Every structure is written in structure tokens, then in C-alpha cells.
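Right, one structure below, let's go through it.
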Amino acid sequence: MTTKARSLTTQQEHDIDLMRAAVERDLALWWHQNARDLPWRFGRTSPWGVLVSEVMSQQTQMSRVVGYWEAWMNKWPDATALAKAPTAEVIAAWGRLGYPRRALRLQECAGVVSEQYHDQLPHDYESLVALPGIGDYTASAVMSFAFGERVAVIDTNIRRVLGRAFLGVESLGGSTSPVERTLAWRVLPEAAAQSVVWNQGVMELGALVCTAKQPGCDSCPLRSMCVFLAAGRPGLGERRTRPRQRFQGTNRQVRGIILQSLRDLPDGQSVVTYDKLRELWPDRAQLDLCIDSLEHDGLVEIVDGHAVRLPQ
DNA sequence: GTCCCGAGAT
DNA sequence: ATCTCAGGAC
């Protein structure tokens, strides 16, 4: 009988409750000594600035985000400023952060916040998660990090750390399981202020120490209580079910090349011809497919059927 | 489930 | 040169 558990056992609940306070104490201490000094942390930006940092950080390492975030917030300090910007400029400013549809969704989001919410981010999860480009993770992160509310933030780092520390198992990817969600809420500190430190601490620990492949258990603040370490780190680095996404030769690479050619255009030029694009990517069928998909996404406009430009 | 990027590590 | 990593929309 190897049926996947649908909920925590009574024994697991008991063990988790015994561990919780010690983890909270040691993690908070570690956080205060090891937190990276990112510009959107420690109350130095608005809720909108926090949201921008979270959207930029989706699927992207923090170290790559910092410079973009600073330039972006300098240029468009609030939702209304971003909503009014030319879309071509927004896409260009997204630069090489990757997944440029995020930039489009962020500008749409800015439009909704500007018009429906008077330029102030809504303070409730349901309204946040309904915004363009904002899913469960980002809505929860804003509720916790920007508004200080008691919300369980769940991303892959947190799933990995909590699964290891409290259950002694690897989080194997795919969508968040009911067990993972139940666990995240059960261990979350009752006091709102403590819950924010907890969320940030668990995420930071997952990013800096409790990494997927080579966790630094020797320097982990939880090494004395971690169930995963005590069990001999069973299945460490086990293949995630998430499908591998190679890059070479994919539509993602071709779309990237097309957008890069548009971003890097000299001043005064705004279009790139299909002929020029064929020099960059000779496979005409794939190129046409990617141009169409970029247009469909709203990331480019087609000019007279022979060139592309950023949306005006 | 599949599709969206790009940089840093190895 | 190849591998690894990460949320949201559909």
C-alpha cells in the first residue's frame, strides 16, 4: 500500500507541533543575521514596489532582479506611472529578465490598480489574486511582506524546506499538494509579525542554505532538529516531476532573439524586417510561428506583413 | 499537464 | 557544452 497521503497523520501533527517553536526561534535568529539587504525589504518601499519585486522574482533569481527593480521603480514609482507608460518602453525596460509576458501583465495590473483602486494596492488576498499576472504565491507574498498579514506563503523554496524539516521528505514538484498546504498553515506562527519573519526566513533559507541539489546542512540553523537530516536525507536531489525545459532550439529561444533585436535597435529605428530576422534564425516556419505567437501575446506588432515592432 | 526566458554553475 | 532553477496562464 503506497497510496499518497491526503493529510497529515495524528503522529505527524504531534511531532510538528513539538518542533514548531524551536524552528521559529532559530530561524528568526538566523534571518536577522543572514537576510540579504535587498532594496524592497525592511519597509523601504511601497506595497506596489513589493509587488513589482515579486513579479520580477517569479522564475528569476533575486541577484538578477535588483538592478532592474531599481531602474524600474525610479522610472515608474507607482501603478499609475506604469499604466501610462508606452508599452514599447515597458517591454524594453524588462530587458533580459526573461518571460516578457510578465511585463505586459504587470502593466495591465498597474492599469487595474490605478483605475479601480485609486493607485493603492488592495489589502485583501481575493482582490490581489484577481489582478493580471498575480497568482497564489504573489498575492500571498504581498499580503505577508507588504501588509504584514498572517498568510502562509508557498513557493517551491518553502515547500522544499518545510517538507524536509518537518516531514523528512523531498518536495517533488508539480502543483502544491494538500499536505504541503496544510503543513504551511499549521507551522505558521500565530502572531502576524512573527509570521512575516517566518515566511521570509523559510524562503531565504531555501534560497541560501536548504537548496535543492546541494543543501548546506552543516551550516543550517535547523540542523539539530531537521527530520530530513536525521533520516539520512532520503532521496536527496530526487528528480522532480516538473518536466525539464531545455532551451536551445525552442520557441522560447527564438522569441527571445526576436525581442532582443527589437530592444537593441538604435535610436530612431523601431522596426525589424522579416529578412533581418531570417538572418538571426533561418528556420522560416519556426520564425513565422514565433512572430505570430508574439503578436498574439501583444508583445510585438506586425507592420505591413514584412516587419515587426514593439507595441505602440 | 504544457508553454513561456535567460544567466550562472558545473 | 550541458545542466539547473523558478510562478502564472491556459
Side-chain angles (χ1 to χ4, degrees), chain A residues 50-68 91-109 112 125 128-145 151-161 170-177 180-181 184 199 202-216 236-264 280-281 286 289-300:
Chain A
V50 172
L51 182 141
V52 172
S53 80
E54 290 301 339
V55 171
M56 287 184 170
S57 301
Q58 293 166 1
Q59 308 292 109
T60 308
Q61 292 83 351
M62 297 285 192
S63 56
R64 290 174 53 203
V65 167
V66 174
Y68 284 101
I91 295 169
W94 196 255
R96 304 183 72 84
L97 271 176
Y99 298 112
R101 290 190 296 198
R102 291 183 293 167
L104 245 32
R105 295 291 89 75
L106 185 55
Q107 193 182 27
E108 288 172 29
C109 177
V112 176
Y125 174 90
L128 288 167
V129 83
L131 293 169
I134 307 302
D136 171 70
Y137 164 74
T138 308
S140 301
V142 169
M143 286 300 287
S144 179
F145 305 151
V151 178
V153 175
I154 303 177
D155 76 338
T156 57
N157 280 327
I158 288 186
R159 289 167 63 190
R160 183 175 61 250
V161 172
E170 287 285 39
S171 172
L172 291 184
S175 48
T176 304
S177 70
E180 289 175 320
R181 197 164 291 281
N199 284 326
V202 177
M203 278 187 76
E204 194 81 337
L205 191 68
L208 300 181
V209 177
C210 192
T211 55
K213 227 185 73 178
Q214 306 244 42
L236 175 64
E238 193 170 301
R239 267 259 290 285
R240 323 203 106 216
T241 56
R242 191 188 187 98
R244 294 200 240 297
Q245 297 197 10
R246 80 250 161 261
F247 183 59
Q248 284 293 321
T250 60
N251 292 343
R252 283 156 53 232
Q253 183 186 18
V254 180
R255 287 164 55 103
I257 288 169
I258 295 168
L259 279 186
Q260 188 187 352
S261 74
L262 286 166
R263 280 195 306 264
D264 295 348
L280 300 173
W281 195 264
Q286 188 177 23
L289 184 72
C290 290
I291 291 169
D292 286 349
S293 75
L294 285 169
E295 187 201 24
H296 181 263
D297 286 345
L299 284 162
V300 305

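These numbers come from a predicted model, not from an experiment.
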Does [X] make a side-chain N or O approach to OP1 or OP2 of [N] shorter than 4.0 Å?
X	N	value
A:T60	C:dA6	no
A:N251	B:dC4	yes
A:T156	C:dG7	yes
A:T138	C:dG8	yes
A:R160	C:dA6	yes
A:R96	B:dA7	yes

Rounded to the Å, how far apart are [X] [atom1] and [N] [atom2]?
X	N	atom1	atom2	answer
A:Q59	B:dT2	CD	P	15 Å
A:R101	B:dT2	CZ	P	15 Å
A:Y99	B:dT2	OH	C1'	12 Å
A:M62	B:dA7	CE	P	18 Å
A:L289	B:dT2	CG	C1'	14 Å

Closest-nucleotide 5' rank along DNA chain B - winner of A:Q214 and A:G95: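 Nearest nucleotide further toward 5': that of A:G95.
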
Backbone of A:E180 reached by a side-chain donor or acceptor of A:R159 within 3.5 Å: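 Pair absent, no side-chain N/O of A:R159 close to backbone of A:E180.
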
Sidechain-backbone polar pair: A:R263 side chain, A:G95 backbone, donor-acceptor under 3.5 Å: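 It does hold such a pair.
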
From A:I258 atom CD1 to A:Q253 atom CD, the distance as rounded to the nearest 0.5 Å: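 Interatomic distance, A:I258 CD1 to A:Q253 CD, rounded to 0.5 Å: 11.0 Å.
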
Could you go through residues 129-137 of chain A and list every donor-acceptor pair under 3.5 Å that involves a side-chain atom there, pairing it with any protein atom two or more places apart or in another chain?
from, atom 1, to, atom 2, distance (Å)
A:D136, OD1, A:Y125, OH, 2.6
A:Y137, OH, A:E54, OE1, 2.6

Residues forming a side chain to side chain donor-acceptor pair (under 3.5 Å) with A:Q58, sequence neighbours excluded: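 Partners of A:Q58 by the side chain to side chain donor-acceptor pair (under 3.5 Å) criterion, ordered by chain and then number, come out as A:T138.
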
Nearest-angstrom distance, P atom, C:dA6 to B:dT10: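 C:dA6 and B:dT10 have their P atoms separated by 15 Å.
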
What's the closest nucleotide to the [X] side chain, out of [options]?
X	options	answer
A:Q61	C:dC5, B:dC4, C:dG8	C:dC5
A:N157	C:dA6, B:dG6, C:dG7	C:dA6
A:R263	B:dG6, C:dG7, C:dC5	B:dG6

Touch class at under 4.0 angstrom, heavy-atom based, for A:D155 against every strand present: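 Sugar-phosphate contact only.
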
